[in-house]
Number of protein chains: 2
Amino acid sequence: MQKHEISDCLDPFIQVCKNFDLKITPQRCAIYKKLMRAKNHPTADEMFNIVKKEFPNISYDTVNRTLLTFAEIGLVDIIPTKGGPRRFDPDMDEHHHFHCLDCGKIVDFSSDEFDNLGIPDHIQDDFTVFTKRVVLNGLCKKCRKKRGLKDRIIVT
Amino acid sequence: MQKHEISDCLDPFIQVCKNFDLKITPQRCAIYKKLMRAKNHPTADEMFNIVKKEFPNISYDTVNRTLLTFAEIGLVDIIPTKGGPRRFDPDMDEHHHFHCLDCGKIVDFSSDEFDNLGIPDHIQDDFTVFTKRVVLNGLCKKCRKKRGLKDRIIVT
DNA sequence: CTTTTTGCAAAGCGTTTGCATTGAA
DNA sequence: TTCAATGCAAACGCTTTGCAAAAAG
């Protein structure tokens, strides 16, 4: 039904599915393609609305379950958040996060210094570490400005 | 009703409440005391069950709302998690977290190297950073052992 | 006496489950 | 033909809201 069929760059995805005995369904391919293109950190619902445009019959449920499956096989990360709907991070390369305490926005950034951090010995004794991430909390430009006007509590 | 009344070490707490125009209620005091004593990262429900023992008439709702209020005024942190109930962290000193991917356990640890990390300049331009934390993901000893036996997918 | 806070109950939101149907292999 | 994946709907868990009654300052 599409112009350039299944030929975007799905080969690695197909390989991963095979490795994990997952069937290559058109829904999964559609979700994967849109996910890889996502620049922010979409929720299941946001992904559902994006994929639905090209796949009107897909259910929210399939999108949600597929994203969880992708997380299980290491195609996406689930971002730890302080609440609200789950957010998925399609960037699996090492990177770090800034969270805005007011609007909740999550911003990716890179830092060689952070990437090069070692894992403390006393941690390695008791735990096997797969990933490491520095998480910064604060205020984005917009919210910093807003706070100046609002009489809101400053959380230190 | 209690042996050593309101005299544990609530003075700083009372001061903070006054600063934020919050009334000093027995519920808030009870929750605060138990919270400061909590060694893990309790959920609202866990705190409710703890406080209920000494305060049988307290409602879950008061505990939950109080914890959120405490978070607002900087007496506790809300720990970002990948799902499940919200967890509160009573330790407001700089420290770092290890998350077990299988059992979800969160372990605190200290690291001078991590504490001494600078914030990248390009971040400081656009964001005001309040806190910084290194988050490690992996497997705790118990779950590492379990995985050896279970035929479970290894993430990463 | 005024204004918060509490407790309760209902509503809300996002996630998860069960199951019949569909579709990939 | 077989077994996993899908879509739908209902159930679930946790969080939030609204409001009358109680309590703090």
To the nearest Å, how far apart are [X] [atom1] and [N] [atom2]?
| X | N | atom1 | atom2 | result |
| --- | --- | --- | --- | --- |
| Tyr60(B) | dA10(C) | OH | C1' | 15 Å |
| Asn64(B) | dA9(C) | CG | P | 17 Å |
| Phe20(B) | dA24(D) | CZ | C1' | 19 Å |
| Leu68(B) | dT17(D) | CG | P | 10 Å |

Describe, in one word, how the ring planes of Phe109(A) and His96(A) are oriented to each other, choosing from parallel (under 30°), tilted (30 to 60°) and perpendicular (over 60°).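 Because their plane-to-plane angle lies in the 30° to 60° range, the rings of Phe109(A) and His96(A) count as tilted.
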CG of Asn19(A): more than 12 outside heavy atoms within 6.0 angstrom?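 Count over threshold, so yes.
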Does DNA chain D take part in any stems of at least 3 consecutive Watson-Crick or G-U pairs (both distances under 3.5 Å), and if so, which ones?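 Stems found: C:1-25 with D:1-25.
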Flag, side chain of [X] to backbone of [Y], donor-acceptor distance under 3.5 Å:
| X | Y | value |
| --- | --- | --- |
| Asp77(B) | Ile79(B) | no |
| His41(B) | Arg87(B) | no |
| Lys132(A) | Leu117(A) | yes |
| Asn64(A) | Tyr60(A) | no |
| Arg28(A) | Lys23(A) | yes |

Salt-bridge criterion met for Lys33(A) and Glu54(A) (N-O under 4.0 Å):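 No, this pair does not count.
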Between Arg87(B) and dC14(D), does any side-chain N or O lie under 4.0 Å from OP1 or OP2?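 No, outside the criterion.
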I'd like to compare against my own output: the B/S/- annotation of nucleotides 1-6 of chain C with a strict under-4.0 Å heavy-atom distance to protein. --BSSB
